[in-house]
Each structure stands twice: as structure tokens, then as C-alpha cells.
There are 2 protein chains.
Amino acid sequence: MSKSPKFDREQVVAKATNLYWERGYHATSMRNLQDAIDMRPGSIYAAFGSKDGVFRESLEHYAEQSIGRFRAQRAAASSPLQALKNTVRQVVIQSKTDAPSSMCMLVKTVAELTDNEAELLEFAKAKLKSVEDAIAELIKEAQQAGEISAEKNAEHLARFVQVQIAGLRIYAKANDDAPLEQMISEMFESITATVQ
Amino acid sequence: MSKSPKFDREQVVAKATNLYWERGYHATSMRNLQDAIDMRPGSIYAAFGSKDGVFRESLEHYAEQSIGRFRAQRAAASSPLQALKNTVRQVVIQSKTDAPSSMCMLVKTVAELTDNEAELLEFAKAKLKSVEDAIAELIKEAQQAGEISAEKNAEHLARFVQVQIAGLRIYAKANDDAPLEQMISEMFESITATVQ
DNA sequence: AAAATATTTGAGCGATTGTTCAAATATAGC
DNA sequence: GCTATATTTGAACAATCGCTCAAATATTTT
């Protein structure tokens, strides 16, 4: 004897994610959010508790989406290394035109937030770590497949890839004409080099 | 027959820079700014025109400070390459404890702003480019000194360094225990390698 | 010391912030 | 179709936002 919510939480979070991703935490107002997800304040607060609550769930959604990309590319590619390369290309090059921001939402969040929003900052850091773990898994697969030297440390390489992606995406936003394809190729040359 | 401003513009801009650097553009209110620089609204608006005006001058100040660091390290170091290494270490490692933010203010700004603040965004991009130019100059010096292969492209390497610094500083903020010293060493190994 | 000209002050503007909550509305079980 | 129990709505809250401007204050020239 009741009524169930009529909004699709998944879709709502996806829309909220895109807005937060584009504008960042502080520049996104609840008013902006209301318009983007087509919900009124009361419903939003009943469903998510606060602006932070929506943001937190958006970060979660974004992280899942990011990790899902690795899985999707792994399923589509001919090898683990190819999947990693394709994911990096997708994330660095395609996001320039296809995504709400050319930058990673988790990186943007870590860059933007301070101790004043400690919880959200820590949450974003943790999600970034879980993305790094997904990269490490793919690298280990590539090592088993003989595409990357097994003598190298997978976590070490995953960290390297993480730094490169973050650096490249920032650089891509700051320089519209950056030769990203070439920069990505060079990055993978140092990963697949036989000597470390 | 008049009166001259009693505030020290240089000092005021320095304080404003530190505040904007730490909190970012959107999270810094004029009230915060008033407190930080100890000026009342009327004086601030007479001197800088707007919140954007203060921010713009802060970006300018920050960029000059950044380029000045290269000069200072160049003067102190035994060689151009050593100066570059020391600057990278200073910027990536020391800034974790000594600076308002562990991240580059220009990078934070490029990451945060959107087309809604197009002018400031373009300004930050341009300043980031001028920092890259300063790196390229140092690399050319290192090439003339025989520390880096003259066959390599200096602008190309400067771009590489810029990507690495941005990536490392983001990574340093996201991971408190990152082995930065080691990561920086590895980066320079690929710069000074005899084959490219 | 008076006059002229600048800067500094801070109350307060309209707009917007995140959030609340009583009223209206929809749905499920009886 | 009635009752019970949700959800949804949107007006409105106090606080804060970026900013303005008349009045007060300081400095310099006459």
C-alpha cells in the first residue's frame, strides 16, 4: 500500500554525472542539477540526501563506467595489450569530442577538492585507485600473453600508465593541437621495451 | 593634490594567488579574498575591476613565479640538466608540503574552467605554454652542454616533461605514498637515453 | 589651514546558494 | 472507491554570492 519512485535512478545518476563531469563540483549548482535530471528539490533530497550525495553517487557511476570500458575493450580487442592501447586512445582522443569533459572526472575532482570536502576527495582518490587496479589486471594479462616482459612489475607499470593518461588528458585540454596519437605511441614504446 | 594607494599590489596579488591556488576559482569567494588580502570590496574593485580581474592577475603572477623558478635553479645548479631535474623535484616533491596546493595552479585552472569562463581558460592555457617554452630553453641549453642528445627535438622533449610533471603532480595528490623520487628518476632516464 | 583629489570603508543591493517542508498527487492493498 | 502510504511538487528559508556607491578618510598642493 504505497507508491514507488517513478524516476529511473540509473538514468538520473548518468545525467548528474555528465553535468558534474563537465562543470566540476563547485560550479554545479542544485538548480543546474534540477534542470539536468528533471527532478524537483524534494525528490532529489529524498533520493540522495544532499548535493554531496548526488556527487558521490556520480563518482561511483563514473568509476564503474571507466572500469567497464576496460572490460568492453578487452572483449573487443585481439589481445590484452591491444585492449589497453585502444582504451588509452579512446580515453585520451575520443573524449576530446565525445565526453562532457576531455578530462577524467576523478582527476578533475582530486584536482578541485581540498580538505574542506575531505570525504568526497578521499572517495575520488579511492575510485582512482580502483581504476589503477583494473589497469594492472590488464597488464598482467598482457604479461601472461607475452606482450609485455614478465620481469616488469605490473603495479609499477599501471602507475606509469595512470600518470601518462592524466598528463596526456590535461595536456590535450591545454593544447588543442597536441599530437596525441604520436604521444600515446611513444608511451607504449617505453612499456613494451624489452629492457626497463 | 591627491592620494596614492597604500596597499602593496605585489604582496596583495601574492596572497590572492595563494588563496586561488589552494581553493580554485569557483570555490574562492570575494569574501574569502577580502579576508586573505585584507582589503575591502571597494578597494578591490577599484584596483582589479572584478573577481576575474584578481584571478587573471594571480595567474600572471603564478606563471612568472614558475618561470622564475627555472631561472633560480639554473643559477644555482651545476648544469642545465641538473637545474631541470632540481626544478622538477622541487615542483613535484616540495610542493606537496610547502605550497598552497600540490598541483600546478595553471593545470588546476585548465582542469576546472569551461567555456563559461572562456577568457580565463585561454589565458591559463597561454601561460602554461610559456612555462613549456621555458622548459624548452633549458633543454636546449642541456643539449648544447652535451647532457642531452642534440638529435632530439627540444620542443618535443619539453612537451614530454610538461606531461610528466602534470601527471606526477596529480598522481602525488591522489596517492600520498607515491614513490615520487623514483618516478622522477625514471622519467629522466628516458630523456637522457642515447637512443630515442 | 584650506582646498582639491584621491583612496578606503562598509552597509547593502538583487541574485543565487543549498536545503526544508507542508501541501498536492499518485499508487497499492482492501 | 476508499484508505493508507509513498513520492512529488514548488514556494520559501537563511545564508552567501559578486558587486556598487555614497560617505568617510587620507594625502598633497596651494
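Below, chain A is the first sequence line, B the second, and so on; all start at residue 1. Owing to the predicted nature of the structure, the values given are computational and were not obtained by experimental measurement.
Atom CG in D35(A) sits about 12 Å away from atom P in dT16(C), given to the nearest Å. In this structure, the CZ atom of R23(A) is 13 Å from the C1' atom of dT16(C), given to the nearest Å. When the P atom of dG18(D) is taken as reference, atom CZ of R40(B) falls 17 Å away, rounded to whole Å. In this entry the distance linking CE of M39(A) with P of dG10(D) reads 13 Å, nearest Å. For the pair R9(B) CZ and dT7(C) C1', the interatomic distance rounds to 14 Å; values are reported in whole Å. One atom, NE2 of H26(A), and another, P of dT17(C), lie 14 Å apart when rounded to the nearest Å. Rounded to whole angstrom, the span from the CG atom of L33(B) across to the C1' atom of dC17(D) amounts to 13 Å. Atom pair R31(A):CZ and dT16(C):P shows a separation of 9 Å (rounding to whole Å applied).
By the ring pair (Phe, Tyr, Trp, His ring centres under 6.0 Å) test, Y25(B) pairs with F55(B), sequence neighbours left out.
Between the K129(A) side chain and the N175(B) main chain, no donor and acceptor come within less than 3.5 Å of each other. Remark: side-chain polar atoms of K51(A) are paired, donor with acceptor, to backbone N or O of T28(A) under 3.5 angstrom. At least one donor-acceptor pair under 3.5 Å links the side chain of R169(B) to the backbone N or O of S102(B). Side-chain atoms of E22(B) never come within 3.5 Å of backbone atoms of T114(A) as a donor-acceptor pair (strictly under, hydrogens ignored).
Phosphate contact (OP1/OP2 of dC17(D), side-chain N/O of S29(B), threshold under 4.0 Å): present.
Of the two residues contacting DNA chain C, namely I44(B) and T28(A), the nearest-nucleotide position lying further toward the 5' end is that of I44(B).
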Quick test: give all pairs of protein nitrogen or oxygen and nucleotides 19-22 of chain D nitrogen or oxygen below 3.5 Å, distance rounded to 0.1 Å.
| from | atom 1 | to | atom 2 | distance (Å) |
| --- | --- | --- | --- | --- |
| dC19(D) | OP2 | Y45(B) | OH | 2.7 |
| dC19(D) | OP2 | K51(B) | N | 2.9 |
| dC19(D) | O5' | Y45(B) | OH | 3.2 |

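A salt bridge between D38(B) and R40(B) is present, with a side-chain N of the basic residue lying under 4.0 Å from a carboxylate O of the acidic one.
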